[in-house]
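Note sheet for the following structure.
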2 protein chains.
Amino acid sequence: MMSAKILIVEDEPAIQELLAFNITQAGFQVLCAEDADSAWQQIRNQMPDLILLDWMLPGISGVVLAKQLRADAHTKDIPIIMLTARGEERDKVLGLESGADDYVTKPFSPRELMARIRAMLRRHAPQAPGETVAAGALELSPATHRVTAKGIAVELGPTEFRLLHFFMTHVERVYSRAQLLDQIWGTQAFVEERTVDVHIRRLRAALEPVKMDNLVQTVRGSGYRFSIN
Amino acid sequence: MMSAKILIVEDEPAIQELLAFNITQAGFQVLCAEDADSAWQQIRNQMPDLILLDWMLPGISGVVLAKQLRADAHTKDIPIIMLTARGEERDKVLGLESGADDYVTKPFSPRELMARIRAMLRRHAPQAPGETVAAGALELSPATHRVTAKGIAVELGPTEFRLLHFFMTHVERVYSRAQLLDQIWGTQAFVEERTVDVHIRRLRAALEPVKMDNLVQTVRGSGYRFSIN
DNA sequence: CCCATGCTGTCATCTTATTGTCATCAATTC
DNA sequence: GAATTGATGACAATAAGATGACAGCATGGG
(Lines give C-alpha, C1' and ligand atoms only; values in the text may rest on other atoms or scores of the structure.)
Protein backbone atom coordinates (compact mmCIF):
# COMPACT_ATOMS: atom_id res chain seq x y z
CA MET A 1 0.00 0.00 0.00
CA MET A 2 1.20 3.42 -0.94
CA SER A 3 2.16 5.26 2.23
CA ALA A 4 -0.20 8.03 3.21
CA LYS A 5 0.79 11.66 3.60
CA ILE A 6 0.02 13.15 6.97
CA LEU A 7 0.05 16.86 7.64
CA ILE A 8 0.98 17.93 11.15
CA VAL A 9 -0.24 21.38 12.11
CA GLU A 10 1.38 22.19 15.43
CA ASP A 11 3.17 25.29 16.60
CA GLU A 12 5.24 23.79 19.36
CA PRO A 13 8.46 22.50 17.82
CA ALA A 14 8.97 19.85 20.48
CA ILE A 15 5.59 18.26 19.95
CA GLN A 16 5.82 18.66 16.21
CA GLU A 17 9.07 16.76 16.21
CA LEU A 18 7.73 14.07 18.47
CA LEU A 19 4.76 13.59 16.17
CA ALA A 20 6.88 13.67 13.05
CA PHE A 21 9.22 11.09 14.47
CA ASN A 22 6.50 8.67 15.44
CA ILE A 23 4.61 9.03 12.22
CA THR A 24 7.67 8.68 10.04
CA GLN A 25 8.66 5.67 12.08
CA ALA A 26 5.31 4.13 11.29
CA GLY A 27 6.04 4.45 7.61
CA PHE A 28 3.98 7.47 6.66
CA GLN A 29 5.09 10.57 4.85
CA VAL A 30 5.09 13.67 7.01
CA LEU A 31 4.33 17.27 6.16
CA CYS A 32 4.60 20.00 8.78
CA ALA A 33 3.05 23.39 9.34
CA GLU A 34 3.19 25.76 12.31
CA ASP A 35 0.09 27.76 11.59
CA ALA A 36 -3.00 27.92 9.45
CA ASP A 37 -1.31 29.81 6.63
CA SER A 38 1.53 27.40 6.12
CA ALA A 39 -0.96 24.57 6.55
CA TRP A 40 -2.97 25.84 3.61
CA GLN A 41 0.17 26.19 1.60
CA GLN A 42 1.16 22.59 2.28
CA ILE A 43 -2.33 21.43 1.47
CA ARG A 44 -2.32 23.20 -1.86
CA ASN A 45 0.98 21.61 -2.80
CA GLN A 46 0.67 18.18 -1.35
CA MET A 47 -2.93 17.34 -0.53
CA PRO A 48 -2.42 15.18 2.55
CA ASP A 49 -4.46 12.09 3.30
CA LEU A 50 -4.98 13.05 6.91
CA ILE A 51 -4.44 16.13 9.06
CA LEU A 52 -3.28 16.20 12.65
CA LEU A 53 -4.45 19.53 13.95
CA ASP A 54 -3.47 21.24 17.16
CA TRP A 55 -6.38 22.78 18.98
CA MET A 56 -4.45 25.87 19.98
CA LEU A 57 -2.63 27.63 17.20
CA PRO A 58 -1.22 31.15 16.99
CA GLY A 59 -3.38 33.31 14.79
CA ILE A 60 -6.17 31.23 13.32
CA SER A 61 -7.03 28.49 15.80
CA GLY A 62 -7.26 24.83 14.98
CA VAL A 63 -11.02 24.84 15.29
CA VAL A 64 -11.36 27.63 12.78
CA LEU A 65 -8.93 25.97 10.42
CA ALA A 66 -10.92 22.76 10.68
CA LYS A 67 -14.07 24.62 9.77
CA GLN A 68 -12.34 26.22 6.82
CA LEU A 69 -11.13 22.84 5.67
CA ARG A 70 -14.63 21.47 5.88
CA ALA A 71 -15.99 24.37 3.91
CA ASP A 72 -13.63 23.89 1.00
CA ALA A 73 -14.73 21.32 -1.53
CA HIS A 74 -11.15 20.23 -2.10
CA THR A 75 -10.43 19.49 1.50
CA LYS A 76 -13.76 18.67 3.04
CA ASP A 77 -13.17 14.95 2.85
CA ILE A 78 -9.76 14.92 4.45
CA PRO A 79 -10.01 13.29 7.87
CA ILE A 80 -8.92 15.53 10.73
CA ILE A 81 -7.63 14.41 14.08
CA MET A 82 -7.64 17.20 16.63
CA LEU A 83 -5.00 17.45 19.32
CA THR A 84 -6.41 19.01 22.46
CA ALA A 85 -4.48 19.95 25.55
CA ARG A 86 -7.23 19.50 28.07
CA GLY A 87 -9.68 16.68 28.19
CA GLU A 88 -12.55 19.05 28.86
CA GLU A 89 -15.79 17.90 27.47
CA ARG A 90 -16.57 21.29 26.02
CA ASP A 91 -13.45 21.10 23.96
CA LYS A 92 -14.22 17.66 22.70
CA VAL A 93 -17.68 18.56 21.63
CA LEU A 94 -16.55 21.69 19.92
CA GLY A 95 -13.77 19.79 18.29
CA LEU A 96 -16.09 17.20 16.85
CA GLU A 97 -18.74 19.71 15.91
CA SER A 98 -16.15 21.83 14.21
CA GLY A 99 -15.52 19.05 11.79
CA ALA A 100 -12.77 17.04 13.39
CA ASP A 101 -13.27 13.31 12.93
CA ASP A 102 -11.46 12.31 16.05
CA TYR A 103 -9.43 13.89 18.77
CA VAL A 104 -6.56 12.93 20.99
CA THR A 105 -5.84 14.66 24.25
CA LYS A 106 -2.35 15.68 25.23
CA PRO A 107 -0.40 14.13 26.66
CA PHE A 108 -1.06 11.28 24.29
CA SER A 109 0.55 7.89 23.95
CA PRO A 110 2.25 7.38 20.60
CA ARG A 111 0.62 3.97 20.43
CA GLU A 112 -2.84 5.32 20.73
CA LEU A 113 -2.21 8.16 18.36
CA MET A 114 -0.82 5.86 15.69
CA ALA A 115 -3.68 3.45 16.17
CA ARG A 116 -6.16 6.25 15.70
CA ILE A 117 -4.38 7.50 12.63
CA ARG A 118 -4.40 4.05 11.13
CA ALA A 119 -8.03 3.50 12.02
CA MET A 120 -8.94 6.80 10.42
CA LEU A 121 -7.02 6.09 7.24
CA ARG A 122 -8.30 2.58 6.97
CA ARG A 123 -11.88 3.72 7.31
CA HIS A 124 -11.41 6.56 4.92
CA ALA A 125 -9.84 4.56 2.13
CA PRO A 126 -12.43 1.97 1.21
CA GLN A 127 -10.60 -0.22 -1.17
CA ALA A 128 -12.65 -1.00 -4.26
CA PRO A 129 -12.58 -4.78 -4.38
CA GLY A 130 -13.15 -4.91 -8.10
CA GLU A 131 -15.44 -7.07 -10.16
CA THR A 132 -14.88 -10.65 -11.04
CA VAL A 133 -13.18 -10.83 -14.39
CA ALA A 134 -13.34 -13.69 -16.83
CA ALA A 135 -11.38 -14.68 -19.89
CA GLY A 136 -12.50 -17.81 -21.59
CA ALA A 137 -12.86 -20.47 -18.94
CA LEU A 138 -10.65 -18.51 -16.57
CA GLU A 139 -12.24 -16.59 -13.75
CA LEU A 140 -10.58 -14.29 -11.27
CA SER A 141 -12.41 -12.74 -8.36
CA PRO A 142 -10.64 -10.03 -6.38
CA ALA A 143 -13.27 -10.16 -3.64
CA THR A 144 -12.66 -13.79 -2.81
CA HIS A 145 -9.12 -13.72 -4.10
CA ARG A 146 -9.69 -16.90 -6.00
CA VAL A 147 -8.87 -18.02 -9.51
CA THR A 148 -10.57 -20.92 -11.20
CA ALA A 149 -10.26 -22.47 -14.62
CA LYS A 150 -13.20 -24.59 -15.70
CA GLY A 151 -14.13 -24.72 -12.06
CA ILE A 152 -10.75 -26.00 -10.96
CA ALA A 153 -8.90 -23.85 -8.46
CA VAL A 154 -5.65 -22.30 -9.56
CA GLU A 155 -3.07 -21.59 -6.88
CA LEU A 156 -1.26 -18.30 -7.23
CA GLY A 157 1.11 -16.26 -5.12
CA PRO A 158 0.25 -12.61 -4.47
CA THR A 159 2.40 -11.25 -7.27
CA GLU A 160 1.16 -13.77 -9.81
CA PHE A 161 -2.37 -12.95 -8.74
CA ARG A 162 -1.85 -9.26 -9.40
CA LEU A 163 -0.11 -10.03 -12.66
CA LEU A 164 -2.93 -12.22 -13.89
CA HIS A 165 -5.50 -9.68 -12.73
CA PHE A 166 -3.77 -7.00 -14.73
CA PHE A 167 -3.52 -9.20 -17.78
CA MET A 168 -7.14 -10.26 -17.62
CA THR A 169 -8.24 -6.67 -17.47
CA HIS A 170 -5.90 -5.71 -20.30
CA VAL A 171 -6.29 -8.53 -22.74
CA GLU A 172 -4.62 -8.71 -26.17
CA ARG A 173 -2.24 -5.88 -25.60
CA VAL A 174 1.53 -6.19 -25.37
CA TYR A 175 3.30 -4.81 -22.31
CA SER A 176 7.00 -4.32 -21.96
CA ARG A 177 8.75 -5.52 -18.83
CA ALA A 178 9.11 -1.91 -17.73
CA GLN A 179 5.40 -1.30 -18.11
CA LEU A 180 4.56 -4.42 -16.18
CA LEU A 181 6.92 -3.38 -13.43
CA ASP A 182 5.13 -0.05 -13.17
CA GLN A 183 1.70 -1.63 -13.21
CA ILE A 184 2.26 -4.61 -10.94
CA TRP A 185 5.11 -3.56 -8.72
CA GLY A 186 4.48 0.17 -8.68
CA THR A 187 6.65 2.96 -9.94
CA GLN A 188 8.82 3.28 -6.89
CA ALA A 189 9.92 -0.34 -6.77
CA PHE A 190 13.49 -0.97 -7.82
CA VAL A 191 13.47 -4.38 -9.34
CA GLU A 192 15.34 -5.95 -12.22
CA GLU A 193 13.44 -6.25 -15.45
CA ARG A 194 14.47 -9.89 -15.64
CA THR A 195 12.39 -10.53 -12.55
CA VAL A 196 9.33 -10.11 -14.70
CA ASP A 197 10.42 -13.14 -16.69
CA VAL A 198 10.51 -15.21 -13.57
CA HIS A 199 7.03 -14.23 -12.49
CA ILE A 200 5.71 -14.82 -15.97
CA ARG A 201 7.13 -18.27 -15.73
CA ARG A 202 5.54 -18.80 -12.33
CA LEU A 203 2.21 -17.66 -13.65
CA ARG A 204 2.52 -20.04 -16.57
CA ALA A 205 3.48 -22.86 -14.26
CA ALA A 206 0.37 -22.21 -12.18
CA LEU A 207 -1.82 -22.21 -15.27
CA GLU A 208 -0.19 -25.29 -16.73
CA PRO A 209 -2.20 -27.88 -14.75
CA VAL A 210 -5.37 -26.53 -16.34
CA LYS A 211 -3.70 -26.16 -19.73
CA MET A 212 -4.07 -22.43 -19.89
CA ASP A 213 -0.42 -21.49 -19.77
CA ASN A 214 -0.54 -20.66 -23.43
CA LEU A 215 -2.68 -17.61 -22.70
CA VAL A 216 0.43 -15.84 -21.50
CA GLN A 217 2.34 -15.17 -24.67
CA THR A 218 5.85 -13.90 -25.30
CA VAL A 219 6.28 -11.18 -27.86
CA ARG A 220 9.93 -11.34 -28.61
CA GLY A 221 11.66 -7.99 -28.38
CA SER A 222 8.57 -6.29 -26.96
CA GLY A 223 7.31 -8.00 -23.84
CA TYR A 224 4.29 -10.13 -22.98
CA ARG A 225 0.68 -10.35 -23.96
CA PHE A 226 -2.34 -12.10 -22.51
CA SER A 227 -4.66 -13.49 -25.12
CA ILE A 228 -7.52 -15.96 -25.20
CA ASN A 229 -6.29 -17.64 -28.34
CA MET B 1 -40.18 -13.11 21.47
CA MET B 2 -36.73 -12.86 22.93
CA SER B 3 -36.73 -9.97 25.38
CA ALA B 4 -34.92 -6.91 24.14
CA LYS B 5 -31.67 -5.67 25.62
CA ILE B 6 -31.68 -2.06 26.65
CA LEU B 7 -28.54 -0.16 27.43
CA ILE B 8 -28.80 2.65 29.95
CA VAL B 9 -26.06 5.23 29.72
CA GLU B 10 -26.45 7.44 32.75
CA ASP B 11 -23.91 8.67 35.25
CA GLU B 12 -26.22 9.43 38.15
CA PRO B 13 -26.60 6.22 40.14
CA ALA B 14 -30.04 7.16 41.46
CA ILE B 15 -31.54 7.71 38.05
CA GLN B 16 -29.73 4.72 36.62
CA GLU B 17 -31.26 2.51 39.27
CA LEU B 18 -34.69 3.95 38.80
CA LEU B 19 -34.47 3.31 35.10
CA ALA B 20 -33.04 -0.15 35.53
CA PHE B 21 -35.78 -1.08 37.95
CA ASN B 22 -38.59 0.07 35.71
CA ILE B 23 -37.17 -1.50 32.62
CA THR B 24 -36.40 -4.80 34.26
CA GLN B 25 -39.87 -4.76 35.71
CA ALA B 26 -41.26 -4.37 32.22
CA GLY B 27 -39.48 -7.57 31.21
CA PHE B 28 -36.50 -6.26 29.34
CA GLN B 29 -32.86 -7.06 29.85
CA VAL B 30 -30.85 -4.18 31.21
CA LEU B 31 -27.27 -3.17 30.58
CA CYS B 32 -25.74 -0.19 32.33
CA ALA B 33 -22.94 2.23 31.63
CA GLU B 34 -21.87 5.44 33.34
CA ASP B 35 -19.94 7.00 30.51
CA ALA B 36 -19.20 6.73 26.84
CA ASP B 37 -16.29 4.38 27.29
CA SER B 38 -18.14 1.79 29.30
CA ALA B 39 -21.09 2.24 26.97
CA TRP B 40 -18.94 1.28 24.01
CA GLN B 41 -17.67 -1.64 25.93
CA GLN B 42 -21.15 -2.88 26.68
CA ILE B 43 -22.12 -2.35 23.08
CA ARG B 44 -19.20 -4.33 21.81
CA ASN B 45 -20.08 -7.21 24.07
CA GLN B 46 -23.82 -7.18 24.07
CA MET B 47 -25.14 -5.14 21.15
CA PRO B 48 -28.29 -3.72 22.74
CA ASP B 49 -31.57 -3.31 20.93
CA LEU B 50 -32.10 0.18 22.22
CA ILE B 51 -30.04 2.79 24.01
CA LEU B 52 -31.23 5.19 26.67
CA LEU B 53 -28.73 7.97 26.62
CA ASP B 54 -28.25 10.74 29.12
CA TRP B 55 -27.66 14.12 27.55
CA MET B 56 -25.05 15.11 30.08
CA LEU B 57 -22.29 12.63 30.67
CA PRO B 58 -18.87 13.03 32.22
CA GLY B 59 -16.20 12.98 29.55
CA ILE B 60 -17.75 12.41 26.16
CA SER B 61 -21.24 13.85 26.20
CA GLY B 62 -24.35 12.01 25.18
CA VAL B 63 -24.65 13.99 21.98
CA VAL B 64 -21.18 13.09 20.89
CA LEU B 65 -21.71 9.48 21.81
CA ALA B 66 -24.88 9.45 19.77
CA LYS B 67 -22.99 10.81 16.81
CA GLN B 68 -20.34 8.19 17.23
CA LEU B 69 -22.99 5.51 17.39
CA ARG B 70 -24.51 6.80 14.19
CA ALA B 71 -21.17 6.87 12.49
CA ASP B 72 -20.42 3.22 13.19
CA ALA B 73 -21.93 0.76 10.79
CA HIS B 74 -22.59 -1.67 13.59
CA THR B 75 -24.53 0.67 15.78
CA LYS B 76 -26.04 3.12 13.38
CA ASP B 77 -29.36 1.32 13.40
CA ILE B 78 -29.77 1.05 17.13
CA PRO B 79 -32.58 3.37 18.25
CA ILE B 80 -31.50 5.98 20.75
CA ILE B 81 -33.70 7.71 23.27
CA MET B 82 -32.05 10.76 24.71
CA LEU B 83 -32.64 11.81 28.31
CA THR B 84 -32.45 15.56 28.72
CA ALA B 85 -32.61 17.47 31.95
CA ARG B 86 -34.20 20.61 30.63
CA GLY B 87 -37.06 20.77 28.24
CA GLU B 88 -35.38 23.42 26.19
CA GLU B 89 -36.25 23.19 22.58
CA ARG B 90 -32.70 23.93 21.51
CA ASP B 91 -31.49 20.87 23.30
CA LYS B 92 -34.20 18.78 21.80
CA VAL B 93 -33.35 19.81 18.32
CA LEU B 94 -29.70 19.20 18.89
CA GLY B 95 -30.50 15.87 20.40
CA LEU B 96 -32.50 14.81 17.41
CA GLU B 97 -29.99 16.17 14.97
CA SER B 98 -27.31 14.30 16.76
CA GLY B 99 -28.98 11.10 15.81
CA ALA B 100 -31.32 10.43 18.68
CA ASP B 101 -34.64 8.97 17.60
CA ASP B 102 -36.60 10.33 20.51
CA TYR B 103 -36.05 12.17 23.72
CA VAL B 104 -37.54 12.26 27.16
CA THR B 105 -37.11 15.17 29.52
CA LYS B 106 -36.26 14.66 33.14
CA PRO B 107 -38.10 14.38 35.39
CA PHE B 108 -39.97 11.76 33.45
CA SER B 109 -42.83 9.49 34.38
CA PRO B 110 -41.90 5.80 34.24
CA ARG B 111 -45.16 5.18 32.42
CA GLU B 112 -44.30 7.57 29.65
CA LEU B 113 -40.76 6.36 29.35
CA MET B 114 -41.81 2.73 29.08
CA ALA B 115 -44.40 3.62 26.51
CA ARG B 116 -41.82 5.34 24.41
CA ILE B 117 -39.41 2.48 24.73
CA ARG B 118 -42.02 -0.01 23.65
CA ALA B 119 -43.11 2.18 20.79
CA MET B 120 -39.56 2.52 19.64
CA LEU B 121 -38.87 -1.20 19.85
CA ARG B 122 -42.10 -2.02 18.10
CA ARG B 123 -41.32 0.36 15.29
CA HIS B 124 -37.83 -0.96 15.07
CA ALA B 125 -38.79 -4.58 15.53
CA PRO B 126 -38.38 -5.75 11.94
CA GLN B 127 -34.65 -5.75 12.58
CA ALA B 128 -33.74 -9.38 12.54
CA PRO B 129 -31.96 -9.89 15.83
CA GLY B 130 -29.87 -12.43 14.05
CA GLU B 131 -31.12 -15.59 12.52
CA THR B 132 -29.30 -18.77 13.16
CA VAL B 133 -26.71 -19.07 10.47
CA ALA B 134 -25.30 -22.28 9.13
CA ALA B 135 -22.30 -23.15 7.04
CA GLY B 136 -21.84 -26.78 6.30
CA ALA B 137 -22.24 -28.64 9.55
CA LEU B 138 -21.56 -25.51 11.54
CA GLU B 139 -24.41 -23.70 13.19
CA LEU B 140 -24.31 -20.42 15.01
CA SER B 141 -27.26 -18.99 16.83
CA PRO B 142 -26.97 -15.38 17.94
CA ALA B 143 -30.11 -15.71 20.01
CA THR B 144 -28.74 -18.46 22.23
CA HIS B 145 -25.14 -17.41 21.68
CA ARG B 146 -24.26 -21.00 20.89
CA VAL B 147 -22.21 -22.65 18.23
CA THR B 148 -22.43 -26.30 17.31
CA ALA B 149 -20.67 -28.43 14.75
CA LYS B 150 -22.35 -31.70 13.85
CA GLY B 151 -24.26 -31.29 17.06
CA ILE B 152 -21.14 -30.91 19.16
CA ALA B 153 -20.86 -27.67 21.10
CA VAL B 154 -18.03 -25.35 20.22
CA GLU B 155 -16.69 -23.12 22.98
CA LEU B 156 -15.94 -19.59 21.91
CA GLY B 157 -15.02 -16.38 23.65
CA PRO B 158 -17.07 -13.26 22.86
CA THR B 159 -14.67 -11.94 20.27
CA GLU B 160 -14.29 -15.27 18.53
CA PHE B 161 -18.05 -15.57 18.50
CA ARG B 162 -18.48 -12.23 16.77
CA LEU B 163 -15.65 -13.07 14.40
CA LEU B 164 -17.21 -16.37 13.43
CA HIS B 165 -20.63 -14.78 13.13
CA PHE B 166 -19.26 -12.20 10.75
CA PHE B 167 -17.45 -14.82 8.75
CA MET B 168 -20.47 -17.08 8.52
CA THR B 169 -22.56 -14.23 7.22
CA HIS B 170 -19.86 -13.19 4.77
CA VAL B 171 -18.64 -16.45 3.39
CA GLU B 172 -15.99 -16.77 0.68
CA ARG B 173 -14.95 -13.19 0.71
CA VAL B 174 -11.50 -12.05 1.74
CA TYR B 175 -11.21 -9.46 4.49
CA SER B 176 -8.10 -7.58 5.41
CA ARG B 177 -7.12 -7.25 9.03
CA ALA B 178 -8.16 -3.61 8.91
CA GLN B 179 -11.59 -4.51 7.61
CA LEU B 180 -12.02 -7.15 10.27
CA LEU B 181 -11.03 -4.65 12.93
CA ASP B 182 -13.69 -2.27 11.67
CA GLN B 183 -16.31 -4.99 11.45
CA ILE B 184 -15.65 -6.91 14.63
CA TRP B 185 -14.05 -4.42 16.95
CA GLY B 186 -15.74 -1.29 15.62
CA THR B 187 -14.22 1.74 14.07
CA GLN B 188 -13.37 3.52 17.28
CA ALA B 189 -11.26 0.76 18.77
CA PHE B 190 -7.54 1.26 18.61
CA VAL B 191 -6.11 -2.18 18.41
CA GLU B 192 -3.07 -3.55 16.65
CA GLU B 193 -3.74 -5.28 13.37
CA ARG B 194 -1.68 -8.23 14.58
CA THR B 195 -4.30 -8.84 17.22
CA VAL B 196 -6.52 -10.12 14.46
CA ASP B 197 -4.04 -12.92 13.86
CA VAL B 198 -4.31 -14.00 17.44
CA HIS B 199 -8.08 -14.14 17.41
CA ILE B 200 -8.03 -15.99 14.13
CA ARG B 201 -5.79 -18.50 15.79
CA ARG B 202 -8.12 -18.76 18.78
CA LEU B 203 -11.06 -19.28 16.51
CA ARG B 204 -9.19 -21.99 14.65
CA ALA B 205 -8.16 -23.60 17.90
CA ALA B 206 -11.79 -23.67 18.98
CA LEU B 207 -12.86 -25.21 15.71
CA GLU B 208 -10.07 -27.73 15.69
CA PRO B 209 -11.71 -30.34 17.98
CA VAL B 210 -14.51 -30.67 15.44
CA LYS B 211 -12.07 -30.55 12.52
CA MET B 212 -13.44 -27.37 11.07
CA ASP B 213 -10.47 -25.15 11.61
CA ASN B 214 -9.67 -25.35 7.93
CA LEU B 215 -12.72 -23.24 7.15
CA VAL B 216 -10.81 -20.21 8.30
CA GLN B 217 -8.33 -19.65 5.53
CA THR B 218 -5.34 -17.39 5.26
CA VAL B 219 -4.98 -15.41 2.08
CA ARG B 220 -1.40 -14.35 2.23
CA GLY B 221 -0.90 -10.70 1.61
CA SER B 222 -4.62 -9.97 1.71
CA GLY B 223 -6.23 -11.19 4.88
CA TYR B 224 -8.55 -14.02 5.82
CA ARG B 225 -11.44 -15.83 4.26
CA PHE B 226 -14.11 -18.16 5.58
CA SER B 227 -15.02 -20.90 3.17
CA ILE B 228 -16.86 -24.19 3.31
CA ASN B 229 -14.33 -26.06 1.23
C1' DC C 1 -15.22 -7.28 49.19
C1' DC C 2 -11.87 -10.49 47.48
C1' DC C 3 -10.33 -14.19 44.85
C1' DA C 4 -10.49 -17.35 40.92
C1' DT C 5 -11.17 -17.56 36.23
C1' DG C 6 -11.57 -16.31 31.69
C1' DC C 7 -10.86 -13.05 28.01
C1' DT C 8 -7.98 -9.63 25.63
C1' DG C 9 -4.40 -7.37 23.49
C1' DT C 10 0.59 -7.35 22.83
C1' DC C 11 5.15 -9.26 22.26
C1' DA C 12 8.92 -12.04 20.97
C1' DT C 13 9.93 -15.90 18.49
C1' DC C 14 9.50 -19.56 15.22
C1' DT C 15 8.01 -21.18 10.59
C1' DT C 16 7.13 -20.93 6.06
C1' DA C 17 5.75 -18.88 1.58
C1' DT C 18 7.21 -15.64 -1.49
C1' DT C 19 10.58 -12.81 -3.84
C1' DG C 20 14.28 -11.15 -6.47
C1' DT C 21 18.62 -12.44 -8.53
C1' DC C 22 21.90 -15.38 -10.84
C1' DA C 23 23.97 -18.53 -13.74
C1' DT C 24 22.96 -21.37 -17.33
C1' DC C 25 20.50 -23.19 -21.11
C1' DA C 26 17.43 -22.72 -25.27
C1' DA C 27 15.45 -20.15 -29.03
C1' DT C 28 15.50 -16.78 -32.51
C1' DT C 29 17.52 -13.59 -35.48
C1' DC C 30 20.70 -11.98 -38.83
C1' DG D 1 27.15 -19.80 -36.10
C1' DA D 2 27.58 -15.53 -33.39
C1' DA D 3 24.72 -12.49 -30.95
C1' DT D 4 20.46 -11.46 -28.77
C1' DT D 5 16.63 -12.42 -26.14
C1' DG D 6 13.85 -15.36 -23.39
C1' DA D 7 13.22 -19.62 -20.27
C1' DT D 8 14.42 -22.16 -16.27
C1' DG D 9 16.11 -24.11 -11.98
C1' DA D 10 18.40 -23.07 -7.86
C1' DC D 11 19.00 -20.25 -3.88
C1' DA D 12 19.43 -16.87 -0.24
C1' DA D 13 17.02 -13.01 1.75
C1' DT D 14 12.83 -11.33 3.14
C1' DA D 15 8.31 -10.68 4.52
C1' DA D 16 4.13 -12.44 6.40
C1' DG D 17 1.74 -15.38 9.23
C1' DA D 18 1.48 -18.73 13.26
C1' DT D 19 2.25 -19.61 17.83
C1' DG D 20 3.15 -19.55 22.83
C1' DA D 21 3.59 -16.76 26.74
C1' DC D 22 2.05 -13.13 29.60
C1' DA D 23 0.11 -9.25 32.06
C1' DG D 24 -3.95 -6.37 32.59
C1' DC D 25 -8.83 -6.37 33.18
C1' DA D 26 -13.27 -7.65 33.77
C1' DT D 27 -16.53 -10.86 35.51
C1' DG D 28 -18.81 -13.65 38.51
C1' DG D 29 -18.92 -16.44 42.74
C1' DG D 30 -18.30 -17.06 47.23
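Note on naming: letters A, B, ... go to the chains in the order of the sequence lines (proteins, then strands), and numbering restarts at 1 for each one.
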What's Glu155(A) touching, base or sugar-phosphate or nothing? Going by heavy atoms closer than 4.0 Å.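 Here Glu155(A) touches no strand at all.
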Whether the side chain of [X] engages the backbone of [Y] through a donor-acceptor N/O pair (distance < 3.5 Å, no angle test) should be reported.
X         : Y         : value
Gln16(A)  : Glu10(A)  : yes
Lys150(B) : Val210(B) : yes
Arg173(B) : Thr144(A) : no
Arg146(B) : Ala153(B) : no

From [atom1] of [X] over to [atom2] of [N], roughly how many Å is that when rounded to an integer?
X         : N       : atom1 : atom2 : value
Glu193(B) : dT8(C)  : CD    : P     : 19 Å
Asn214(B) : dA18(D) : CG    : C1'   : 16 Å
Arg202(B) : dT10(C) : CZ    : P     : 11 Å
Leu156(B) : dT8(C)  : CG    : C1'   : 15 Å
Leu203(B) : dA18(D) : CG    : P     : 12 Å
His199(A) : dT18(C) : NE2   : P     : 11 Å
Leu181(A) : dG20(C) : CG    : C1'   : 11 Å
Ile184(A) : dT18(C) : CD1   : C1'   : 16 Å

Within the structure provided, determine whether Phe28(B) and Asp49(B) are in side-chain contact (heavy-atom separation under 4.5 Å).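 Result no, sub-4.5 Å side-chain heavy-atom pair not found.
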Would you please confirm or rule out a distance under 4.0 Å between OP1 or OP2 of dT8(C) and any side-chain N or O of Trp185(B)?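 For dT8(C), neither OP1 nor OP2 has a side-chain N or O of Trp185(B) closer than 4.0 Å.
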Looking at Thr159(B), I'd like to know whether one of its side-chain N or O atoms comes within less than 4.0 Å of OP1 or OP2 on dT8(C).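 So the side chain of Thr159(B) is within the cut-off, an N or O lying under 4.0 Å from OP1 or OP2 of dT8(C).
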I'd like a list of close polar pairs between nucleotides 3-9 of chain D and the protein, N/O only, cut-off under 3.5 Å.
{"residue": "dT4(D)", "atom": "O2", "partner": "Arg220(A)", "partner atom": "NH2", "Å": "3.2"}
{"residue": "dT5(D)", "atom": "O4'", "partner": "Arg220(A)", "partner atom": "NH2", "Å": "2.9"}
{"residue": "dT5(D)", "atom": "O2", "partner": "Arg220(A)", "partner atom": "NH2", "Å": "3.4"}
{"residue": "dG6(D)", "atom": "OP1", "partner": "Arg177(A)", "partner atom": "NH1", "Å": "3.4"}
{"residue": "dG6(D)", "atom": "OP1", "partner": "Gly221(A)", "partner atom": "N", "Å": "3.1"}
{"residue": "dG6(D)", "atom": "OP2", "partner": "Arg194(A)", "partner atom": "NH2", "Å": "3.4"}
{"residue": "dG6(D)", "atom": "O5'", "partner": "Arg177(A)", "partner atom": "NH2", "Å": "3.4"}
{"residue": "dA7(D)", "atom": "OP1", "partner": "Arg204(A)", "partner atom": "NH1", "Å": "2.9"}
{"residue": "dA7(D)", "atom": "OP1", "partner": "Thr218(A)", "partner atom": "OG1", "Å": "2.5"}
{"residue": "dA7(D)", "atom": "OP2", "partner": "Tyr224(A)", "partner atom": "OH", "Å": "2.5"}
{"residue": "dG9(D)", "atom": "OP2", "partner": "Arg201(A)", "partner atom": "NH2", "Å": "3.3"}

So which of Leu53(A), Asp54(A), Leu31(A) actually passes side-chain contact (heavy atoms from CB on, under 4.5 Å) with Val9(A)?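 For Val9(A), the side-chain contact (heavy atoms from CB on, under 4.5 Å) test succeeds with only one of Leu53(A), Asp54(A), Leu31(A), which is Leu53(A).
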CG/Leu7(B) to CG/Leu52(B) distance, rounded to the nearest 0.5 angstrom?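 Interatomic distance, Leu7(B) CG to Leu52(B) CG, rounded to 0.5 Å: 8.0 Å.
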